[in-house]
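Residue numbers start from 1 in every chain, and the chains themselves are labelled A, B, ... in the order their sequence lines are given, proteins ahead of strands. Atom set for the values below is all heavy atoms of this structure, side chains included, hydrogens, waters and symmetry mates excluded.
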Amino acid sequence: MLEAYIQSYNEAVFETDKQAALDVVNRALADGLSPEDIVFKLVIPAVELMMAFIEKDPDANLAQHFMTAQIAADVTEKMLEKFSNPPEMIGRVIIGAAYGDLHSLGKRIVTGCLKSLMVDVVDLGTNVSAEKFVETAIAEDAQVIAVSAMMVHTATSDRGSLRVRSLLQEQGLEHKIKLAVGGAPYRFDPELYLAVGADAWAPDGVTAAKVIVDLIREVKP
Amino acid sequence: MTPLQILTAAKNGNPAPRIPVFCNLLDQGARELGLSPKDFFGNGEYVADAQLRMQKRYGYDNVWSLHYVGKEAELLGCQEILFADDGAPNVADFVIKNLDDIAKFEIPADITKHPAWQSIADCMTILNSELGATHPLCAYVTASTTLPAILMGMDKWMELFLLGPFDLRDELLRKCSDFFQQQIAGLRKLGAKVLIYSTPFGSPYFLSRKQIETTVMPWMQRDLRPGGTEDIVYYCGMAPFNDVIDLVLDELQIASHYISPLANLAEAKQRINSRGLTCGVIDDIKMIHWSEAQTRAEVKRIIEIGKTGGHFLFGTGVMPLAVPETNIRAMIDAAFEYGRLP
Ligand code: B12
């Protein structure tokens, strides 16, 4: 029974058909599957499958990333409300678009993927100062700051990721808080993340979630 | 031959002394004149002056109309652009804040009467009188299927595009396509000879080929119907689109293709072949940290892939301000040198 649901759910996600995916979830619930099963046996494996698929086919398009994130985050959120015990989250991430940058899609896709993998995400919106990133990470006890930048100048600005790095350094927080970056300029120049002082980067939303979970594991025992 | 003739020869596959060399220096103009980007872009005469000076200094073939994408949003009611001293201007006020705004959103009856159009007209008038007879004047127009990204934000647009309500989506697309038709007609009237059709939603990087065929293509056809496609360059904001080159040639009759540095250029050239113009584009984001020798080597590599059999142009993306002038110089020199034709 579960197998059939998994298959039709995966098909719906790959076809970027949100309604079909939600229908599968509702049928599964009606059939007696628990919300926990839906998240851990349906949604997370589907995101992981998408990761494997994308690793083989880097040409997966943005609509697929967007819908994977959108559907998975939606379903997870709905199911979490129904969990009998509050689930254990993997960790916490502070995300936002870099200072001076008003592009919101990249961060939204990454957020969706992270949420569906049971990572807590605090979204600071667009045009976020480095100070705000670091303050919030401290206040919220987060393991990762994730900065999205869609333009060269907002990626490389000394008021963006570079400043986050220097604040972390000054405050002796580098062993506790990691810095991940992403967005168009990093895709055009895969070495760029080093020049902006980041610990990691990722070329797409699904890979981003994976890379960020790895960073969380590095600092969280 | 004039640069305009060299471009025509490349498009038609006729003999010419060299390939055309395009370089897109937009934000560099403010630095050239020692002005803030806001003051600079506010005055069409400044922009024309800077375009002429930079073209003269480096000697590349094209010049640009006053352009930043936010200008299109301003023509449609955007009240705030975030100008940065170190980079491109960014839309900071979304005209469409929620879906209800779509019904209220109106396209001006004549955008060339809008105050924001004046600086474009001033700029083009100067460029046209100085170089119009000899050099290709470039202008940029955002496709109806992409324009909503700067009117409502990319994430909201992606959601509306993929998940509906589709009647609202199509209403917005119709308005954007009407705007597109007005804008391109206005630019042609001012003397624009090369129209960059910016259509990231027409790229398989964004959508599946099926989605492009069924949903995007009819809007692209609508955008471009008046005036035809002879002067159009297919450009996906530097996203790759090799897999739809055939479709674009067959369904839109667009012959000139601006190939992403992230795409396989040899494959693109093979697909386009003598049916049109393949534009080989350098990854100008890497040019920020390349040495002059690396820049030259990359120009050589690109041109060697493309120039055999003609029908080829060398160009850049939206050159970031951080690219050192020495690399711009090295790039242009190398392009002229390796771009010589037998
Ligand atoms: C679509 C597009 C446009 C559209 C829509 C823009 C918008 N979003 O509002 C239009 C045509 C309107 C446009 C306009 C402009 N654009 Co534009 N555009 C693009 C394009 C093709 C895609 C950008 C985009 O929206 N992607 C959507 C995101 C979600 O996709 P993504 O980057 O693949 O995101 C994935 C990863 O990056 C990753 N990721 C994202 N964030 C994060 C964060 C973390 C922490 C991690 C780990 C991963 C991660 O996961 C994401 C999901 O899979 C890119 C080139 C390209 N091929 O990427 C140029 C590009 C971003 N644009 C560029 C420029 C210059 C502009 C303009 C400034 C041009 C101008 N002179 O006016 C304007 C600015 C408009 C504005 N906003 O005011 C440049 C920027 C580089 C530079 N020179 O600074 C680019 C890179 C093109 C280029 N190479 O020249 N653009």
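- For the atom pair B:D85 CG and A:H153 NE2, the distance stands at 9.5 Å (nearest 0.5 Å).
- Counting heavy-atom pairs closer than 4.5 Å to chain A, the top-ranked of the candidates B:V318, B:I288, B:L262 is B:L262.
- Within the 4.5 Å cutoff, the side chain of A:N61 has no heavy atoms near those of the B:F206 side chain.
- Within the model, atoms CH2 of B:W290 and CG of A:D189 stand 8.5 Å from one another, a figure rounded to the nearest 0.5 Å.
- Residue A:M67 touches chain B through its side chain alone, counting heavy-atom pairs closer than 4.5 Å.
- Other residues, nucleotides and ligands place no more than 12 heavy atoms under 6.0 Å from the NZ atom of B:K38.
- Using a 4.5 Å cut-off between heavy atoms, A:F66 touches chain B through its side chain atoms alone.
- Heavy atoms from other residues, nucleotides or ligands lying under 6.0 Å from NZ of A:K18 number more than 12.
- Contact check on B:K286 versus A:E191 returns no salt bridge, with no Lys/Arg side-chain nitrogen under 4.0 Å from an Asp/Glu carboxylate oxygen.
- For the atom pair OG of A:S104 and CE of B:M152, the computed distance is 10.5 Å after rounding to the nearest 0.5 Å.
- Using a 4.5 Å cut-off between heavy atoms, B:D86 contacts chain A through both its backbone and its side chain.
- For B:Q270, the CD atom sits in a loose shell: 12 or fewer heavy atoms of surrounding residues, nucleotides or ligands are nearer than 6.0 Å.
- When the shell of 6.0 Å around CZ of A:R159 is examined, it contains 12 or fewer heavy atoms from other residues, nucleotides or ligands.
- Contact count against chain A (heavy-atom pairs under 4.5 Å) is highest for B:E159 among B:K156, B:Q211, B:E159.
- Between B:Y205 and A:R187 the shortest heavy-atom distance is OH-CZ, 2.9 Å.
- At a 4.5 Å heavy-atom cutoff, the contact between B:L163 and chain A is made by side-chain atoms alone.
- To the nearest 0.5 Å, atom CE of residue B:M154 and atom CD1 of residue A:I109 are 9.0 Å apart.
- Here the straight-line distance linking atom CE of A:M150 with atom CG of B:N90 works out to 10.5 Å at 0.5 Å rounding.
- Residues B:L82 and A:G100 approach most closely at CD2-O, 3.5 Å, considering heavy atoms.
- In this structure, the separation between CZ on B:F94 and CG on A:L102 is 6.5 Å, given to the nearest 0.5 Å.
- Between B:L162 and A:A63, the closest heavy-atom pair is CD1-CB, 3.9 Å.
- Listed options B:A84, B:A239, B:A88, B:A92 were ranked by heavy-atom pairs under 4.5 angstrom with chain A; first place goes to B:A88.
- B:D155 contributes no side-chain N or O that, together with a main-chain N or O of A:G106, makes up a donor-acceptor pair within less than 3.5 Å.
- Residue A:Q171 places its CD atom among more than 12 non-hydrogen atoms of other residues, nucleotides or ligands, all under 6.0 Å distant.
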